[in-house]
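All ligand and atom numbering here is 1-based and tracks the order in the structure.
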Amino acid sequence: MSRSASARANRRGDPPPAPEPLPSPALDSHTHLDIVLGERPAGDEHGEWAADDDVDAEIAAAAEVNVTRLVQVGVDVPSSRWSAALAARHPNVLAAVALHPNEAGAGKADGRALDTALAEIDRLAGLPRVRAVGETGLDRYRTGPEGWAAQEQSFRAHIDIAKRHGLALVIHDRDAHDEILRVLDDEGAPEHTVFHCFSGDAAFARACVERGFVLSFAGTLTFANAGNLREAAALTPVDQLLVETDAPFLTPMPYRGRPNASRLVPLTVRALAEVAGTDLAELCAALTATAERVFGPWKMEPGAPLHS
Ligand SMILES: [Zn+2]
């Protein structure tokens with residue numbers, strides 16, 4: 001860790017210690033390493049980006065507990081570019097690119113600015129290690145009604161980009177379950193659609209499972225008051241489950257409130273194994289198989305061109 005990174009970690013509190021390693025390789029289907037390690041206002045290309053050494057150390061710390069596959073998720077044009085570049089150089093990382101629904105709905109990216117940004121997301125989506133379009137969707141918690149039309153327009157455009165490139169769609173759904181299903185049913189969902197940080201109850205989980213969607217559970221699954229989420233996870237077929245951190249957010253118990261990191265995903269995988277009533281090693285293998293079905297293989301082909 002560089003001096004600047006350790007200074008940041010100290011400001012936010014020390015990251016929790018890594019838990020016991022998983023018995024088989026598993027993954028983090030949704031992380032923001034740029035936000036874990038860097039400091040950059042949304043939309044700003046010139047903020048302080050994490051140093052490669054610090055990023056590599058985070059990825060190595062995750063691999064030490066058998067979290068060997070990560071999906072690095074962009075939320076605006078600069079972080080989507082950064083995510084694509086990281087995936088191009090690191091074998092453990094694939095990238096997702098998008099404008100976050102709160103970016104799209106904030107009026108910062110209206111009209112022509114939204115079109116220009118979407119054109120860049122479309123370009124990035126064509127790179128070989130960019131394997132998902134997201135996080136996109138609807139957020140009716142942080143964005144007020146004045147931003148909903150722009151947010152939905154952006155969501156529909158992201159669905160189109162995912163389908164044209166044959167990529168998975170990664171959904172951000174905050175207080176917008178029914179609206180998201182309405183848009184997906186209307187547009188036609190891509191073959192692989194993942195609800196990142198699934199936040200619905202059993203009935204909504206059933207509606208997603210029926211449509212063939214994949215439900216990715218975050219550290220919220222471990223919270224004491226998350227009975228609804230555990231019910232949702234329990235009824236989801238194992239081949240429609242994924243796990244994630246959404247780091248640096250949503251840290252699992254017993255570290256809720258401290259900074260999250262991919263090396264903590266074993267806490268959520270263990271909780272999921274208990275809820276799903278599956279053997280831990282078998283669950284790890286199923287999660288990895290699902291991730292490779294949805295995002296494609298992580299392994300870099302020898303001699304394949306690395307674009308960034
Ligand atoms: Zn996220």
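Among the atoms of His30, an N, O or S atom falls under 2.8 Å from the Zn ion (ligand 1).
Distances from the Zn ion (ligand 1) to each N, O or S atom of His32 single out NE2 as the nearest. For Glu135, the N/O/S atom at the shortest distance from the Zn ion (ligand 1) is named OE2. Closest N/O/S atom of Asp246 to the Zn ion (ligand 1): OD1.
No path of Ile, Leu, Val, Met, Phe, Trp and Tyr side chains, each step under 4.5 Å between heavy atoms, connects Leu267 with Val265, placing them in separate hydrophobic clusters.
By the 6.0 Å and 45° rule, Arg131 does not stack over the aromatic ring of Phe295.
Between Phe213 and Phe204, a ring centre-to-centre spacing not shorter than 6.0 Å is recorded.
Side-chain contact check for Phe198 versus Leu242: every heavy-atom pair is 4.5 Å or farther apart.
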